2 protein chains.
Amino acid sequence: MTKSTNNVSKRERDCLILLKEESRGDFPMRLHEIASTMHIKPPSALNIIRRLKTKGFVEAQDGMIKLTDLGDRLSKSILMVHRTFESLFCQSGVPESRACREAGEIDFLINSENAMKVLKRIDNPASCPHGKPIKA
Amino acid sequence: MTKSTNNVSKRERDCLILLKEESRGDFPMRLHEIASTMHIKPPSALNIIRRLKTKGFVEAQDGMIKLTDLGDRLSKSILMVHRTFESLFCQSGVPESRACREAGEIDFLINSENAMKVLKRIDNPASCPHGKPIKA
DNA sequence: TCATGCATTAGTATAGTACTAACGATATTA
DNA sequence: TAATATCGTTAGTACTATACTAATGCATGA
């Protein structure tokens, strides 16, 4: 499939971002929750989790699935790229929801240093169209 | 692998672009040429060609491999997106060769209408950093 | 005619994605 | 307490994309 420097596939990316955005400190996500949010069955989700564990981005204890420090850093980086390109698309006149979808297709493929340069080029917005901060 | 609206994978994209850029009217490419340019063995290249044929982007006669009209249109569209993002990266300060590589990772994933909007946003350059026209 | 080169087929392998069926453990609840 | 439900997990299947080697078949030029 398609990989980046960070070596994550599209669905691994989806899962990482889900864990980053949906986990609330004391309430790490559980497998069934991940599966249903990703619209796949638990064994499929487990397969993705397994790969993310192997790569060191995720750890699981007692059914609680959470990001490692490495996974947290990668998620932040992907989100920064995502919000940068989402902002670019929105500034260009692409409707917000399409901009988000489009950004999600490429955010895990683009080098974060290059994205930072693009961010500057598009006038350094502080937050994405949803209002989330671009630079963590 | 990763697919777009146009349903081509990364290597299918590479092959399409190669055919678009290297074919010279009377000299369509041959399998061995495609394979060696893509740094793969002929059977691997043939496999990609087979998929592109199935999808209607490529046709072969007497060992001559060329784009169909549909394939030509798709290649043009991908190149437009490529050059748009390449220009964006260059304008942002990313070195040309990196800009090209980065653009190549995403050009087949991005909707061309959205890319046209981005092109306008980045001041409508007529040509990419290599001097090739962006709008065919 | 024979060797070379090229296209093609067959078979293997790996990664990613997703499914069903089945099993084991735990927890709820009737 | 016993039955049921829920959840995680394993095993097995399948399909796409990617790339390989080995072998076969065809055509052309020496």
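Quick note: numbers below take in every heavy atom, side chains included, and nothing from hydrogens, waters or symmetry partners. So that the names make sense, note that chain A is the first sequence line, chain B the second, and so on, each numbered from 1. If you're wondering where the values come from, they're calculated on a predicted model, not measured in any experiment.
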- line: The nucleotide from C:dA10, C:dA7, D:dT9 with an atom nearest the side chain of A:L46 is D:dT9
- line: Here the distance between atom P of C:dT8 and atom NE2 of B:H32, to the nearest Å, is 11 Å
field: B:D72 with B:K76: basic N within carboxylate O range, under 4.0 Å
entry: yes
field: A:L52 CG - C:dG16 C1' separation (whole Å)
entry: 12 Å
query: Rounded to whole angstrom units, what separation is found between the CG atom of B:D62 and the P atom of C:dA7?
result: 11 Å
message: Between B:K120 and B:E113, does any NZ, NE, NH1 or NH2 come within less than 4.0 Å of an OD or OE carboxylate oxygen?
response: no
field: Interatomic distance, B:R30 CZ vs D:dT28 C1' [rounded to whole Å]
entry: 12 Å
message: What contact category does A:I40 fall into here, base, sugar-phosphate, or nothing, at under 4.0 angstrom with non-hydrogen atoms?
response: sugar-phosphate
query: Are the side chain of B:S23 and the backbone N or O of B:K20 linked by a donor-acceptor pair below 3.5 Å?
result: no
- prompt: Under the 3.5 angstrom rule, does the side chain of B:E102 hit a backbone N or O of A:N111 as a donor-acceptor pair?
  reply: yes
task: Indicate whether OP1 or OP2 belonging to C:dG16 is found under 4.0 Å from a side-chain N or O atom of A:K55.
output: yes
query: Could you give the NE2-to-P distance, from B:H39 to D:dC20, as a whole number of Å?
result: 11 Å
- prompt: Can you check the B:N7 CG to D:dA17 P distance for me, whole Å?
  reply: 7 Å
task: Could you tell me the separation between the CZ atom of B:R11 and the P atom of D:dC20, rounded to a whole number of Å?
output: 9 Å
- prompt: Taking only N and O in the side chain of B:S9, is any of them less than 4.0 Å away from OP1 or OP2 of D:dT18?
  reply: yes
message: Between B:N47 and B:P43, which residue's closest nucleotide on DNA chain D lies nearer the 5′ terminus?
response: B:N47
- line: From the candidates C:dA18, D:dA17, D:dA19, the one with an atom nearest any side-chain atom of B:E12 is D:dA17
message: Of the listed nucleotides (C:dA7, C:dA18, D:dC7), which one gets closest to any side-chain atom of A:S44?
response: C:dA18
query: Backbone N or O of B:M38 within a donor-acceptor pair of the B:R11 side chain at under 3.5 Å?
result: yes
field: Length of the CD1-P vector between B:I48 and C:dT9, whole Å
entry: 16 Å
